[in-house]
Engineer: 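Have a look at the structure that comes next, please.
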Amino acid sequence: DRFFEYMEDFEEIRTLMNDCLDKVVGKKREYAIYRFGLEGQKEHSLKETAEHFSITTERVRCLDCSIMRAMRIRMPTIRSRSPKLKEFLE
């Protein structure tokens, strides 16, 4: 099953995000931990996150992008670290 084949790559991304979390402060940090399942927390869907923070799912998408920029995580960085993930995303 391809899902299990890529789980290592997703864990690598989560580790990378945890390492970059110190670049996010305040409410955005709380949001990032909740949304992306960082610091050992459970990852939550767009809908769960929107309900938890009383915002729209579109605002969740905007915050996701904003946090990724703040953490300076870009797809090329992730792809270069993980050839399997690059193949999966293409």
Side-chain angles (χ1 to χ4, degrees):
D1 188 36
R2 291 187 82 179
F3 175 77
F4 293 108
E5 189 177 316
Y6 296 106
M7 282 306 295
E8 273 185 32
D9 297 318
F10 292 121
E11 288 306 316
E12 184 178 337
I13 293 168
R14 183 168 284 142
T15 300
L16 177 64
M17 290 178 74
N18 272 317
D19 292 345
C20 296
L21 188 59
D22 60 341
K23 297 175 185 173
V24 180
V25 296
K27 270 287 219 194
K28 281 188 178 182
R29 182 184 180 88
E30 178 186 335
Y31 171 89
I33 292 168
Y34 184 87
R35 171 75 171 111
F36 301 114
L38 304 175
E39 294 185 344
Q41 302 296 314
K42 175 185 173 266
E43 182 178 350
H44 294 86
S45 69
L46 281 169
K47 185 177 179 181
E48 291 171 329
T49 305
E51 289 173 0
H52 180 81
F53 289 96
S54 300
I55 57 177
T56 65
T57 54
E58 185 56 36
R59 181 66 181 138
V60 170
R61 286 187 188 98
C62 291
L63 283 168
D64 287 356
C65 292
S66 172
I67 288 168
M68 292 296 201
R69 278 192 305 272
M71 295 171 87
R72 291 175 178 74
I73 296 176
R74 293 183 174 73
M75 290 309 291
T77 302
I78 293 169
R79 287 180 182 166
S80 66
R81 288 177 165 227
S82 177
K84 287 185 207 169
L85 184 59
K86 178 181 178 181
E87 176 189 324
F88 177 76
L89 292 171
E90 293 172 343

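Keep in mind the model is a prediction, meaning the values are calculated, not measured.
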Engineer: Listed by chain and number, what are the salt bridge (charged side-chain N to carboxylate O under 4.0 Å, His left out) partners of Glu39, not counting sequence neighbours?
Structural biologist: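 Expected list: Arg29.
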
Engineer: Might you point out which heavy atoms bring Ile67 and Lys28 nearest each other, and give the distance in Å?
Structural biologist: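 Minimum heavy-atom contact is CD1-O, 3.6 Å.
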
Engineer: Mind running side-chain contact (heavy atoms from CB on, under 4.5 Å) on Ile55 and Leu63 for me, showing each step along the way?
Structural biologist: CA-CA 10 Å; Ile55 57 177; Leu63 283 168; 3.8 Å; yes

Engineer: Excluding sequence neighbours, so at least two apart, what forms salt bridge (charged side-chain N to carboxylate O under 4.0 Å, His left out) with Lys42?
Structural biologist: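 With sequence neighbours excluded, Lys42 shows a salt bridge (charged side-chain N to carboxylate O under 4.0 Å, His left out) to Glu48, given in chain and number order.
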
Engineer: What residues form a side-chain hydrogen bond (donor to acceptor under 3.5 Å, both in side chains) with Glu43, not counting sequence neighbours?
Structural biologist: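 Listed in chain order: Arg14.
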
Engineer: With sequence neighbours excluded, what pairs up with Thr57 under the side-chain hydrogen bond (donor to acceptor under 3.5 Å, both in side chains) test?
Structural biologist: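 Thr57 satisfies side-chain hydrogen bond (donor to acceptor under 3.5 Å, both in side chains) with no other residue.
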
Engineer: Name all residues meeting the side-chain hydrogen bond (donor to acceptor under 3.5 Å, both in side chains) criterion together with Tyr31; count only those two or more places apart in sequence or in a different chain, and write none if there are none.
Structural biologist: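 For Tyr31 the side-chain hydrogen bond (donor to acceptor under 3.5 Å, both in side chains) partners, ignoring immediate neighbours, are Asp64.
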
Engineer: Got a sec, which residues hit ring-ring contact (aromatic ring centres under 6.0 Å, His included) with Phe36, two or more places apart in sequence or on another chain?
Structural biologist: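 None.
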
Engineer: Would you call the rings of Tyr34 and Phe53 parallel, tilted or perpendicular if under 30° counts as parallel and over 60° as perpendicular?
Structural biologist: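 Plane angle over 60°, so perpendicular.
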
Engineer: Could you work out, with salt bridge (charged side-chain N to carboxylate O under 4.0 Å, His left out) as the rule, every residue matching Arg61, not counting sequence neighbours?
Structural biologist: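 Once residues adjacent in sequence are excluded, the partners of Arg61 under the salt bridge (charged side-chain N to carboxylate O under 4.0 Å, His left out) criterion are Glu58.
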
Engineer: What pairs with Gln41 under side-chain hydrogen bond (donor to acceptor under 3.5 Å, both in side chains), at least two apart in sequence or on another chain?
Structural biologist: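 If we apply the side-chain hydrogen bond (donor to acceptor under 3.5 Å, both in side chains) test to Gln41, skipping adjacent residues, there are no hits.
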
Engineer: Applying side-chain contact (heavy atoms from CB on, under 4.5 Å), name anything that partners Lys47, two or more places apart in sequence or on another chain.
Structural biologist: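 Ser45, Glu51.
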
